[in-house]
Asks: 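This structure is in structure tokens; I'll ask about it shortly.
Nothing fancy with the numbering, it's 1 onward along the sequence.
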Amino acid sequence: MEKYQKHGINPLLISIATSQKLDSALRPTVAMLPSKYAKLVYKNMSVVNAEFPENIFRLTCQKCGKSGDYDLGTLVFPLRVAEPGDRMEKFQAIGYFRCKHCNAAGEWELSPRTKTMLAGKMAAAEAPKIAGDDSMAEVIFGEALIDKIFAPRWGSEIENYFFNKLAETPKDAYLWNRLGNAYYRGKRPELAVTAHEQAIANDSGQVESHFSLGKMLVECGELELAATHLRQAVAASCQYKYLSAYDLREIIVAALEILLTVYKQSDNKINMLPKPNEQAIIQQGKNQIAATAMLDFDIDAENRETLYPLAEVYLGERFNELLPAQRATNNQQAKRKAVWPVAGKTNKQKPAKKNKKKKRK
Ligand SMILES: [Zn+2]
């Protein structure tokens with residue numbers, strides 16, 4: 001097996017991204033991916049994948065008849081089915097994997113032993129948790145749906161779903177972003193960055209892809225590169241139409257939070273906020289530039305809440321979509337007046353933190 005070929009890659013990914021015809025029997029390596037970051041992320045795979053469970057099971061490929069151990073990633077079991085045995089037939093595996101022997105995907109046979117082990121996994125997940133057990137959920141109950149209609153059985157079916165759409169519109173940045181998210185949840189960050197890079201190549205204002213790239217690059221220790229993408233996510237957010245103003249604000253806050261950490265880790269060398277040239281691309285309003293230049297915000301690294309007013313500046317016009325009661329900008333000003341009355345400065349008590357960290361159970 002060649003270097004960078006441990007995990008199967010669909011040659012169609014390269015075909016669609018580069019609009020070149022490739023032999024469908026080709027077994028691509030990571031080095032062949034049209035991507036700047038794929039190799040880097042591949043080398044740091046275990047760190048980037050840390051948030052996902054490992055569910056290794058033996059499956060048999062129906063194409064070539066050979067068996068192998070595969071990481072099924074997050075498992076989703078249906079809540080209720082008529083026949084209890086059906087739950088084993090209808091579970092979903094979000095992990096992305098292909099046959100180690102013939103590179104096929106999606107046609108798997110489960111041996112009775114694998115089924116027994118999966119049933120055990122499901123039963124363990126259904127049992128009440130032992131107190132103090134903070135381990136991550138390896139199993140989810142319910143149904144994973146794409147576009148509210150498609151229930152994929154395997155991670156590779158999610159890829160197929162987006163490939164079918166991308167075959168029609170290969171320059172659709174939003175589709176590439178969603179494919180990137182699917183690969184990421186499928187525990188294939190090297191494929192995820194490839195898709196996200198396609199997204200930003202087709203639309204430099206693809207906020208979610210910039211954010212995802214930034215997040216993964218931070219995990220790889222590439223602070224400078226990560227910050228570039230995170231700042232672009234922040235700068236482009238005012239013109240991003242695929243998220244509600246609330247979700248968009250959450251992304252900006254999350255990006256600012258990482259940028260603040262990177263800023264500190266780099267001894268204040270890596271800029272936290274978008275530079276004027278990064279903003280120029282998007283033509284930010286005068287207000288945003290003025291506000292960020294003045295940096296008139298009380299930012300407390302320990303308190304996420306303090307980043308909201310700054311995030312709202314970057315929402316631009318979309319700030320108006322937030323209900324007045326939900327705006328941090330107004331609320332904070334009001335709160336400040338109440339807690340620190342101008343007349344009596346003796347009261348040094350800090351305002352109560354809104355989002356107290358949840359107590360660990
Ligand atoms: Zn096979």
Side-chain angles (χ1 to χ4, degrees), residues 13-14 16-19 33-38 40-41 48 96 146-147 158-159 161-186 188-220 222 224-259 262 271 273-275 277-285 288 311 313-319 321:
L13 171 61
I14 302 172
I16 299 176
T18 60
S19 26
L33 291 169
S35 161
K36 246 197 306 187
Y37 306 136
L40 170 76
V41 171
V48 184
Y96 181 88
I146 303 177
D147 289 336
I158 309 176
E159 181 193 54
Y161 179 86
F162 287 114
F163 278 179
N164 285 336
K165 290 185 179 288
L166 280 166
E168 304 283 319
T169 51
K171 304 256 173 240
D172 187 328
Y174 185 57
L175 281 177
W176 280 111
N177 165 63
R178 293 179 67 199
L179 176 63
N181 294 341
Y183 282 138
Y184 182 70
R185 283 191 295 267
R188 297 296 298 276
E190 82 281 30
L191 304 182
V193 290
T194 305
H196 285 308
E197 285 174 60
Q198 283 301 313
I200 59 169
N202 287 302
D203 173 10
S204 62
Q206 222 313 322
V207 169
E208 290 177 84
S209 284
H210 275 301
F211 177 71
S212 300
L213 287 171
K215 243 180 82 179
M216 282 185 264
L217 290 167
V218 162
E219 301 283 357
C220 299
E222 290 290 336
E224 193 110 27
L225 282 173
T228 309
H229 286 292
L230 292 168
R231 286 194 304 260
Q232 275 171 332
V234 171
S237 51
C238 61
Q239 49 79 54
Y240 192 67
K241 58 178 194 239
Y242 298 103
L243 288 174
S244 73
Y246 295 97
D247 290 340
L248 195 52
R249 185 175 61 174
E250 289 305 317
I251 287 231
I252 307 172
V253 167
L256 290 173
E257 209 171 15
I258 307 172
L259 280 164
V262 168
N271 281 335
L273 299 176
K275 292 175 238 167
N277 64 339
E278 280 169 334
Q279 283 184 331
I281 311 165
I282 318 296
Q283 293 180 333
Q284 285 270 72
Q288 279 102 305
V313 171
Y314 285 100
L315 277 181
E317 290 288 308
R318 299 209 57 192
F319 172 73
E321 293 169 38

Asks: Apply side-chain hydrogen bond (donor to acceptor under 3.5 Å, both in side chains) to the pair Glu208 and Tyr242, showing each step before the final yes or no.
Replies: CA-CA 9 Å; Glu208 290 177 84; Tyr242 298 103; over 6 Å; no
Asks: Give me the atom names and distance for the closest heavy-atom approach of Ser35 to Thr194.
Replies: CB-OG1, 3.5 Å
Asks: Could you measure the distance from the CD1 atom of Ile252 to the CG atom of Leu259? Nearest 0.5 Å is fine.
Replies: 11.5 Å
Asks: What distance separates Leu230 CG from Leu217 CG, expressed to the nearest 0.5 Å?
Replies: 8.5 Å
Asks: Provide the closest heavy-atom pair for Met216 versus Pro189 in the form atom of the first, atom of the second, distance.
Replies: SD-CB, 4.0 Å
Asks: Looking at CG of Asn202 and CG of Asp172, how far apart are the two atoms once the value is rounded to the nearest 0.5 Å?
Replies: 8.5 Å
Asks: Kindly compute the distance separating CG (Leu166) from CG (Leu13), expressed to the nearest 0.5 Å.
Replies: 9.5 Å
Asks: Is there a donor-acceptor pair under 3.5 Å between the side chain of Trp176 and the backbone N or O of Pro170?
Replies: yes
Asks: Would you say CD of Glu250 has more than 12 non-hydrogen atoms from neighbouring residues, nucleotides or ligands within 6.0 angstrom?
Replies: yes
Asks: Between Arg178 and Ile146, is the side chain to side chain contact (heavy atoms under 4.5 Å, CB included) condition met? List the steps.
Replies: CA-CA 10 Å; Arg178 293 179 67 199; Ile146 303 177; 3.6 Å; yes
Asks: Going through the checks in order, is the side chain to side chain contact (heavy atoms under 4.5 Å, CB included) test met by Tyr240 and His210?
Replies: CA-CA 12 Å; Tyr240 192 67; His210 275 301; over 6 Å; no
Asks: How close do Ala38 and Glu190 get, counting heavy atoms only, and between which atoms?
Replies: O-CB, 3.5 Å
Asks: With no hydrogens and no angle check, is any side-chain donor or acceptor of Glu197 less than 3.5 Å from a backbone partner on Tyr37?
Replies: yes
Asks: I would like to know whether Phe211 and Ile258 meet side chain to side chain contact (heavy atoms under 4.5 Å, CB included); could you show each step before the answer?
Replies: CA-CA 10 Å; Phe211 177 71; Ile258 307 172; 4.2 Å; yes
Asks: Any donor and acceptor pair, going by atom type alone, linking the side chain of Gln239 with main-chain N or O of Ala236 inside 3.5 Å?
Replies: yes
Asks: What's the spacing between Gln198 CD and Thr18 OG1 if we round to 0.5 Å?
Replies: 8.0 Å
Asks: How long is the span from the CZ atom in Arg231 to the CG atom in Asn271, to the nearest 0.5 Å?
Replies: 5.5 Å
Asks: Testing the basics here: between Ala173 and Asp203, what is the closest heavy-atom pair and its distance to 0.1 Å?
Replies: CB-CB, 3.4 Å
Asks: Give the minimum heavy-atom separation between His196 and Ser212, together with the two atoms involved.
Replies: NE2-CB, 3.5 Å
Asks: Would you name the heavy atoms of Arg318 and Ser244 that are closest together and state the gap between them?
Replies: NH2-C, 3.8 Å
